[in-house]
Amino acid sequence: MLEVLNHPLITHKLTQMRRKETGTKDFRENLDEIAELMAYEVCRDLPVEPVDIETPVAPCTGYQLSKEVVIVPILRAGIGLLDGIRRLVPTAKVGFIGLYRDEKTLQPHEYFAKFPKDLDKAVVMIVDPMLATGGSALAAIHSVKERGAKNIKLVCLVGVPEGVRAVQKEYPDVDIYLAALDDHLNENGYIVPGLGDAGDRIFGTK
Ligand code: PRP
Ligand code: URA
């Protein structure tokens with residue numbers, strides 16, 4: 001399943017991020033706000049269970065989330081989405097996977113991994129602003145599946161058909177959410193039009 005979250009507020013903020021003159025502070029703030037807006041949609045199908053409660057007026061049956069949510073940002077750039085999602089799901093646990101893309105081969109290299117227990121019972125949200133070749137997303141999905149994850153959502157800001165196809169081919173059970181589906185990858189593996197190097201723009205490196 002691929003869902004592109006076409007929402008005027010998301011598109012407006014993403015356009016600010018795409019502008020080359022947007023600096024680190026505004027880039028980060030817009031990303032944080034988009035993450036919160038995306039989380040609202042991504043969480044739409046979270047499972048709930050009935051719970052008997054009493055309001056000040058009468059007993060009634062309410063509903064509460066029935067599964068733990070684990071957010072897994074792909075370091076570094078995925079960190080930019082973490083706080084916005086956590087504002088909506090404050091009880092979420094957080095796992096980390098560190099991956100960098102070799103500039104020449106475009107292959108991902110893992111340098112860190114730390115996850116909460118019981119991924120098999122959780123809804124696992126892998127988050128990263130960019131879905132380019134899909135190599136990093138595939139490596140992250142592989143890593144959480146190895147640890148038992150079954151219900152996986154991939155949440156990215158900007159993707160391209162190449163990356164979407166790669167994930168869908170290998171992991172058709174993973175739901176993909178994007179704020180925008182861009183046109184193509186250039187010869188250096190950058191998304192066109194994209195927004196440049198997300199990690200560098202979030203953290204002010206380069
Ligand atoms: C970027 C981005 C993704 C990856 C996407 O990370 O944040 O993780 O590239 O590219 P892919 O789909 O072709 O794998 P990068 O490797 O630049 O690391 P960083 O987050 O530390 O900047
Ligand atoms: N990683 C980025 O940060 N930007 C791209 O356009 C592609 C991969």
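This is a predicted model, so every value here is computed, not measured. Residues: numbered from 1 along the sequence shown. Counting convention: from 1, in listed order, for ligands and their atoms alike.
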(request) Using only heavy-atom distances, determine whether the side chains of T205 and R76 contain a donor-acceptor pair under 3.5 Å. (result) yes
(request) Using a distance threshold of 4.0 Å (strictly less than), state whether atom 4 (C) of ligand 1 has a protein heavy-atom neighbour. (result) yes
Identify all pairs of nitrogen or oxygen atoms, one from ligand 2 and one from the protein, separated by less than 3.5 Å, and list them with distances.
residue  : atom  : partner : partner atom : Å
ligand 2 : 3 (O) : A198    : N            : 2.9
ligand 2 : 4 (N) : G196    : O            : 2.8
ligand 2 : 6 (O) : I191    : N            : 2.8

(request) Name the closest protein heavy atom to atom 18 (O) of ligand 1, giving the residue it belongs to and the distance to 0.1 Å. (result) L99 O, 3.9 Å
(message) Any atom of ligand 1 sitting under 4.0 Å from a heavy atom of D128?
(response) yes
(message) Using 0.5 Å steps for rounding, measure from the NZ atom of K67 to the CG atom of L46.
(response) 10.0 Å
(request) Report, in ascending order of atom number, the atoms of ligand 1 lying under 4.0 Å from any heavy atom of G199. (result) 22 (O)
(message) Less than 4.0 Å is my threshold; does some heavy atom of G163 fall inside it relative to ligand 1?
(response) no
(message) Would you compute the distance between atom CG of D128 and atom CD1 of I79 and round it to the nearest 0.5 angstrom?
(response) 11.0 Å
(request) Quick one: list whatever passes side chain to side chain contact (heavy atoms under 4.5 Å, CB included) with A149, sequence neighbours left out. (result) L119, V124, V144, I152
(message) K153 and side chain to side chain contact (heavy atoms under 4.5 Å, CB included): which single residue from V174, V127, D45, I176 fits?
(response) D45
(request) Please round to the nearest 0.5 Å and tell me the distance separating atom CG of L99 and atom CG of L75. (result) 8.0 Å
(message) So if I count the atoms of ligand 1 from 1 in the order they appear, which ones are less than 4.0 Å from some heavy atom of G134?
(response) 11 (P), 12 (O), 13 (O)
(message) To the closest 0.5 Å, what do you measure between OG (S136) and CD1 (I126)?
(response) 11.0 Å
(message) Using a 3.5 Å cut-off on N or O atoms only, is A132 in polar contact with ligand 1?
(response) yes
(request) For Y100, counting its heavy atoms only, list the atoms of ligand 1 lying under 4.0 Å from any of them. (result) 16 (O)
(message) Looking only at distances, can you tell me whether any N or O atom of S136, backbone or side chain, sits closer than 3.5 Å to an N or O atom of ligand 1?
(response) yes
(request) Show your working on side chain to side chain contact (heavy atoms under 4.5 Å, CB included) between C43 and L88 and close with a plain yes or no. (result) CA-CA 9 Å; C43 290; L88 285 198; 5.8 Å; no
(request) State the atoms of ligand 1, each with its element, that fall below the 4.0 Å cut-off from a heavy-atom position in G135. (result) 12 (O), 14 (O)
(message) If the cut-off is 4.0 Å to any non-hydrogen atom of R76, which atoms of ligand 1 fall inside it?
(response) 19 (P), 20 (O), 21 (O), 22 (O)
(message) Return the closest protein heavy atom for atom 13 (O) of ligand 1 as residue, atom name and distance.
(response) T133 OG1, 2.5 Å
(request) Would you check if the side chain of S143 reaches a backbone N or O of A139 as a donor-acceptor pair within less than 3.5 Å? (result) no
(message) Holding to side chain to side chain contact (heavy atoms under 4.5 Å, CB included), I want the full list of residues that pass it with D32, two or more places apart in sequence or in another chain.
(response) D83, R87
(message) My understanding is that only residues two or more places apart in sequence, or in another chain, count here; which of them pass salt bridge (Lys or Arg N to Asp or Glu O under 4.0 Å) with D173?
(response) K145
(request) Provide, to 0.1 Å, the distance between atom 17 (O) of ligand 1 and the closest protein heavy atom, together with that atom's residue and name. (result) D197 OD2, 4.1 Å
(request) Could you walk me through whether V192 and D182 pass side chain to side chain contact (heavy atoms under 4.5 Å, CB included), step by step? (result) CA-CA 6 Å; V192 182; D182 275 14; over 6 Å; no
(message) My question is simple, although I want it checked carefully: is atom 11 (P) of ligand 1 less than 4.0 angstrom from any protein heavy atom?
(response) yes
(message) Counting only heavy atoms, tell me which of R201, R101, Q107 gets closest to atom 16 (O) of ligand 1.
(response) R101
(request) Can you spot which of L157, T22, I202 makes a side chain to side chain contact (heavy atoms under 4.5 Å, CB included) with M17? (result) L157
(message) Test your reading of the structure: does A77 have an N or O sitting under 3.5 Å from an N or O of ligand 1?
(response) yes
(request) Taking the side chain as every heavy atom from C-beta outward, state whether L82 and V94 have any pair of such atoms under 4.5 Å apart. (result) yes
